[in-house]
Amino acid sequence: MQIVSFSPFGYEGSLVSVEVDLRRGIPAVDIVGLADGAVKESRERMRSAIRNSGFEFPPERVLISLSPADLRKEGAGFDLAVALAVLSAKEDAPSATGKQAILVMGELELNGRVRPVRGIHAAVSTAHAGGIRLCIVPEANAEEAREVSGMKVFGAQNLTDAYKALADEQAFSTQRSNGTGGTEGLPKGSVSIRGIYFPAVEQGFEFKELKGQRFFVRGLQIAAAGGHNLLAFGPPGCGKTLGLQKFSALLPLLTMEEAQPVTRIYSIAGLLPPGNSLIRTAPFRQPHQTATIEGICGGGVHCTPGEISLAHNGVLFLDEAAEFKSSVLQMLRVPLESGAITLSRAGRSTSFPASFQLLMATNPCPCGNYGSPDKLCLCSAHTVEQYWKKFSAPLLDRVDLRIQVEKNRDSEEGKQASSTMELRKAIAQAVSIQRRRQGKRNARLLPSETAVYCRIAPSVQTLLDNATEAYSFSPRAIAGCLKVARTIADMEGREHIDEESLNEAISYRKASCGLEMGFGMM
């Protein structure tokens, strides 16, 4: 029997083989293999746990080897693997699992109880990819491990249970089936619209409350349907932040394929919600304006995921976006295009998925009153220009929907506000079409795919050419208009992009829908 454990680093991590040699000499425990302080301390926890669980600790000199030897081992997740490897080195150890490898992870208390550890989903996924089909993990992490299809899992409460499991392969169980057709792990109260699942509408997430903001709400609906980036700007109190915070109610639940990498990232970060084995709700991350580059993109000693990776297959919402450091905003440009970020630390590198939808809300100027009909703006033209330069033209060029939000001045219009459930119907239709047609959201289409799925008739091309000349659209802006128009057509169930769809897409892109002075970059 070969016992392996897992050393987390970034998104991938590495499997570690745990070997034990009992030899003559003064009784002692030696650990080799570039172990950090937490791993070296495991020999004391392991020794006490073995004795307090009723086992006899080997009286010989114990050598524990963690290989590969040139890979640094970190964390307390090796405790249980080391303890079982020591016990298995005795001649009377159980061997029902034969010579096949078994993944073991868990932290030991001195009384032998097994504590949960982070990174279980990543460890089990990596082990399964390496041909390992059995694993012993803490009972608190067992459901998380069972989400990896094909892996037999034993959830251990203590060292004694884990040791007995080595002799009984029947104690291991596979993934539980809670539904069919990708319905496993759906949150309670989930609703299906046209075969697309949405979370239950919670209190405070009803769009009927956004009265007199039909243009804004329509933009949010389009953004949710196609995964497009969005910028909302307007004076304080106009409702832009309120609307964007409700945005998660418009997002469909993740498919099984989308949920797996999200769950792995949250497992690595130690952020899996208690009792949740698979994350099916699209992430919605809202970092504070004081966030650093490392906090947004990830990093640190252990290369932990940042906000853009925690927002993978979900939303990154930057409220008061102009208050973020300019370096933080500019860092977003490459991940927005590539959908991933590569981090390098101490001679090692890792790539985290970072396919996120960017939502930003900001005031039109530092005082917030620029363009307001009933308030005076005290900012100079130079101040306003410097304020918007923090975003830079390349970043704004990646934002397909730009919406000026004004305070509600038409109470009659508010009576016609759409409910969240009504907005979801068109979103569900568009998402269903996109999954069936190309297997991804329209916003993630590559240039070659855009040419295939966003074809337009000559008359529609003339409209786009006129808009390009009038508003100085860049090639990326042209592609963005086509993608948004494709989403609008999908929401209406149209097979082809018509002039109506393209006109609406241009209205969310052109500079004239925003403020005039100093915003030429928009």
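- When all heavy atoms of Thr342 and Ser351 are compared, the pair lying nearest together is OG1-OG, 2.9 Å.
- Annotation: side chain of Ile268 is in contact with side chain of Arg118 (closest heavy-atom distance under 4.5 Å).
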task = For the pair Arg437 and Asn442, evaluate side-chain contact (heavy atoms from CB on, under 4.5 Å) and give the outcome as yes or no after the intermediate values.
result = CA-CA 10 Å; Arg437 183 179 60 218; Asn442 286 333; 3.1 Å; yes

Under the criterion side-chain contact (heavy atoms from CB on, under 4.5 Å), I'd like the reasoning laid out for Arg435 against Thr255: C-alpha separation, chi angles, the key distance, then a yes or no. CA-CA 10 Å; Arg435 287 178 178 175; Thr255 64; 3.5 Å; yes

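- Put simply, the side chain of Thr263 gets close to the backbone of Ile279: a donor and an acceptor are under 3.5 Å apart.
- You'll find the side chain of Leu316 reaches within 4.5 Å of the side chain of Pro287, heavy atoms only.
- Residue Glu504 is tested with Arg486, Lys510, Arg218 for a salt bridge (charged side-chain N to carboxylate O under 4.0 Å, His left out); the sole match is Arg218.
- Between Leu310 and Pro283 there is no side-chain heavy-atom pair separated by less than 4.5 Å.
- Within a 6.0 Å sphere centred on CD of Glu202, heavy atoms belonging to other residues, nucleotides or ligands number 12 at most.
- Atoms CZ and CD1, from Phe473 and Ile478 in turn, are 8.5 Å apart once rounded to the nearest 0.5 Å.
- Judged by distance alone, the side chain of Ser267 and the main-chain N or O of His121 form a donor-acceptor pair under 3.5 Å.
- Arg194 contributes no side-chain N or O that, together with a main-chain N or O of Ala426, makes up a donor-acceptor pair within less than 3.5 Å.
- Looking at Gln438 and Glu449, their side chains never come closer than 4.5 Å, going by heavy atoms from C-beta outward.
- You'll find the side chain of Phe352 reaches within 4.5 Å of the side chain of Leu343, heavy atoms only.
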query = Can you list the steps and then say if Glu385 with Lys389 is a salt bridge (Lys or Arg N to Asp or Glu O under 4.0 Å)?
reply = CA-CA 6 Å; Glu385 183 178 0; Lys389 275 187 176 179; 3.7 Å; yes

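- Ring pair Tyr508/Phe215 is parallel by interplanar angle, where below 30° counts as parallel and above 60° as perpendicular.
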Problem - side-chain contact (heavy atoms from CB on, under 4.5 Å) evaluation trace for Leu445 with Leu482 - result: CA-CA 11 Å; Leu445 290 175; Leu482 288 174; over 6 Å; no

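- Put simply, the side chain of Arg494 reaches to within 4.5 Å of the side chain of Glu500, judged on heavy atoms.
- Summarising the geometry, atom CZ belonging to Arg214 is positioned 13.0 Å from atom CD belonging to Gln221; distances are rounded to the nearest 0.5 Å.
- Rounding to the nearest 0.5 Å places OG of Ser392 at 8.0 Å from CG of Leu329.
- When atom types are taken as modelled, the side chain of Gln330 and the backbone of Lys390 share a donor-acceptor pair closer than 3.5 angstrom.
- Nearest heavy-atom pair across Phe356 and Asn229 is O-OD1, 4.3 Å.
- Of the charged side-chain nitrogens involved, at least one lies within less than 4.0 Å of a carboxylate oxygen, so that Arg476 and Glu337 count as a salt-bridged pair.
- Distance check, rounded to the nearest 0.5 Å: CD of Gln260 to OG of Ser125 gives 6.5 Å.
- Of the inter-residue distances, the one linking Ile222 atom CD1 with Asp490 atom CG reads 11.5 Å to the nearest 0.5 angstrom.
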Trace of the ring pair (Phe, Tyr, Trp, His ring centres under 6.0 Å) decision for Trp388 with Tyr370: CA-CA 12 Å; Trp388 280 91; Tyr370 182 77; 9.6 Å; no

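- In this structure a side-chain-to-backbone donor-acceptor pair under 3.5 Å is present from Ser338 to Val334.
- Between the side chain of Gln357 and the main chain of Val315, no donor-acceptor pair closer than 3.5 Å is present.
- Between Pro187 and Leu253 the shortest heavy-atom distance is CD-CD1, 3.7 Å.
- With hydrogens and angles disregarded, a donor-acceptor distance shorter than 3.5 Å links the side chain of Asp498 to the backbone of Ser501.
- Between Thr383 and Pro366, the shortest heavy-atom distance links the atoms CG2-CG, 3.7 Å.
- A heavy-atom distance below 4.5 Å is not found between the side chains of His312 and Glu258.
- Atom NZ of Lys325 has 12 or fewer neighbouring heavy atoms from other residues, nucleotides or ligands inside a 6.0 Å radius.
- The residues Asp397 and Arg509 are annotated as salt-bridged, a charged nitrogen and a carboxylate oxygen being separated by less than 4.0 angstrom.
- When atom types are taken as modelled, the side chain of Arg264 and the backbone of Tyr11 share a donor-acceptor pair closer than 3.5 angstrom.
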How far apart are the C-alpha atoms of His382 and Ser380, what are their side-chain angles, what is the distance that settles it, and do they pass the side-chain hydrogen bond (donor to acceptor under 3.5 Å, both in side chains) test? CA-CA 5 Å; His382 177 71; Ser380 66; over 6 Å; no

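- Side-chain contact between Val137 and Glu144: absent, with no pair of heavy atoms (C-beta onward) separated by less than 4.5 Å.
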Any chance you could lay out the side-chain contact (heavy atoms from CB on, under 4.5 Å) test for Ser419 and Lys208, step after step, and finish with the verdict? CA-CA 5 Å; Ser419 68; Lys208 278 186 176 180; 3.4 Å; yes

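- Atoms OG1 and CD, on Thr241 and Gln286 in that order, are 8.0 Å from each other to the nearest 0.5 Å.
- Looking only at distances, a side-chain donor or acceptor of Thr126 sits under 3.5 Å from a matching main-chain atom of Ala122.
- Across all non-hydrogen atoms, the minimal contact from Leu250 to Leu423 is CD2-CB, 3.9 Å.
- Closest heavy-atom contact between Val117 and Asn141: N-OD1, 3.1 Å.
- Residue Lys425 places its NZ atom among 12 or fewer non-hydrogen atoms of other residues, nucleotides or ligands, all under 6.0 Å distant.
- Between the side chain of Gln404 and the main chain of Pro364, no donor-acceptor pair closer than 3.5 Å is present.
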